[in-house]
Amino acid sequence: MLKPWIQLIRPANVLTAISDVLAGVALACLFLDTDLPAENTLLLITLSSMLLYTGGIVFNDVFDAKLDATERPERPIPSGKVTRKSATYLASIAFFIGCILAYQINLAAFVLALAIVLMCLIYNAIAKHHFIAGPIVMGTCRGLNLLLGMAVIPEALNHWYIAAVPIIYIASVTNISRGEVYGNNRTAMLVSAALYAIVLSTLVYFTFTSKHFLALAFILFFVAMILTPLLKALRSLAPQDVRSAVKFGVLALILMNASWIAISGFWVLALAICAILPISIYLAKKFAVT
């Protein structure tokens, strides 16, 4: 059956990788004051990013198979619908092809793709259940994905520090997810709210420095999407509300990245990225994102 494999891949999450890498491309163009690269380059780097994300998210379930057998026995591997060996093959192939596609761009993109693979494996095998290292390593995977997009113009990697923003953001979402099974993680959610504030302040700062003020509209939608479920989860502390805050935190990456693209002045591309959001929300209803 195909459905368990789709559940394993989490398609709603994979679509967010498109926005990550294209935000990186847009920022590279902003920093170097140049136009977007050729369409074939955009396609290659986007497919590479999606495959690398797929590999990472499938390995998540491979490494968590024993834990999921207790906490989430309905997942594809513990339920027996997908074998752990088959899932490992799928993740490995996705990593391999993702790296090969990045190599077609340039050496910098290839090195970043390898770094993403390494950090995904470190997260899934070691860091995931560590209180501090887990959120940081997961955030680093997203930060590297942003840099993967910037690598289409290698000179733009001099502005590597911008990767701190997705690192902080994903660290905050990962931090919230600590309570998605049992709830009662108010302190973690308050810390994440503070991290959200840092991300939002950075977006607003770059909006004013770039003078592309239309980006504020994208930022407002982003704020609404992350804060509404988080505030509800803070009030109830119920596992289902915490899970909702995590889900919308993940999906809101699309709006955060659309904001970066709008800040860079590429309005049409920013709107195109926003068009991914309803597709992701629909898929998130069909297939879990956590």
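We're numbering straight along the sequence, starting at 1.
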I'd like to know whether L90 forms a side-chain contact (heavy atoms from CB on, under 4.5 Å) with W5, so could you lay out the CA-CA distance, the side-chain angles of the two residues, the decisive distance to 0.1 Å, and finally the verdict. CA-CA 10 Å; L90 173 63; W5 289 96; 3.7 Å; yes
So, for [X] and [Y], which heavy atoms are closest and what is the spacing to 0.1 Å?
X    : Y    : answer
A17  : N145 : O-ND2, 3.7 Å
V204 : I219 : N-CD1, 4.2 Å
G149 : V25  : O-CG2, 3.3 Å
L32  : A156 : CD1-N, 3.7 Å
L251 : S280 : CD2-CB, 3.6 Å
S259 : A215 : O-CB, 4.1 Å

Value rounded to 0.5 Å, distance of [atom1] in [X] from [atom2] in [Y]:
X    : Y    : atom1 : atom2 : result
I261 : M256 : CD1   : CE    : 10.5 Å
I153 : I105 : CD1   : CD1   : 11.5 Å
F110 : L148 : CZ    : CG    : 12.0 Å
S192 : I176 : OG    : CD1   : 4.0 Å
I45  : L101 : CD1   : CG    : 8.5 Å
I273 : I254 : CD1   : CD1   : 8.0 Å

[X] side chain near [Y] side chain, heavy-atom distance below 4.5 Å:
X    : Y    : result
L42  : P37  : yes
I77  : T83  : no
Q7   : P76  : yes
L52  : C99  : yes
Y169 : L253 : yes
T140 : L144 : yes
M150 : F31  : yes
F213 : I263 : no

F218 vs L255, side-chain contact (heavy atoms from CB on, under 4.5 Å): CA-CA, chis, key distance, verdict: CA-CA 7 Å; F218 293 87; L255 292 180; 5.6 Å; no
Kindly work out whether a path of hydrophobic side-chain contacts (I/L/V/M/F/W/Y, heavy atoms less than 4.5 Å apart) joins [X] to [Y].
X    : Y    : answer
L190 : I226 : yes
M119 : Y161 : yes
L51  : V21  : yes
L114 : I57  : no
L214 : F208 : no

Tell me if the [atom1] atom of [X] is crowded by more than 12 foreign heavy atoms within 6.0 Å.
X    : atom1 : result
F63  : CZ    : yes
E39  : CD    : no
D33  : CG    : no
N158 : CG    : yes

For a ring-ring contact (aromatic ring centres under 6.0 Å, His included) with F95, tell me which candidate from Y89, Y53, F59 qualifies. F59
Quick one: does any side-chain atom of [X] pair with a main-chain N or O of [Y] as donor and acceptor, under 3.5 Å?
X    : Y    : answer
S264 : A26  : yes
R84  : V62  : yes
S244 : Q240 : no
T174 : M138 : no
D241 : A238 : no
T228 : M225 : no

With side-chain contact (heavy atoms from CB on, under 4.5 Å) as the criterion, how do I167 and R142 come out once you've worked through the C-alpha distance, each side chain's angles and the decisive distance to 0.1 Å? CA-CA 6 Å; I167 290 174; R142 286 284 186 172; over 6 Å; no
Starting from the C-alpha separation in whole Å, work towards a yes-or-no answer on side-chain contact (heavy atoms from CB on, under 4.5 Å) for L146 and D20. CA-CA 5 Å; L146 185 78; D20 282 337; 5.6 Å; no
Name the orientation class of the two ring planes belonging to F206 and W260 (parallel below 30°, tilted from 30 to 60°, perpendicular beyond 60°). perpendicular
Which class fits the ring pair H212 and W267: parallel under 30°, tilted 30 to 60°, perpendicular over 60°? perpendicular
Could D61 and R10 be called an ion pair, given the rule that one side-chain N must be under 4.0 Å from one carboxylate O?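 Looking at D61 and R10, the cut-off is met.
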Do R72 and D64 meet the salt-bridge criterion of a basic N to acidic O distance under 4.0 Å? no
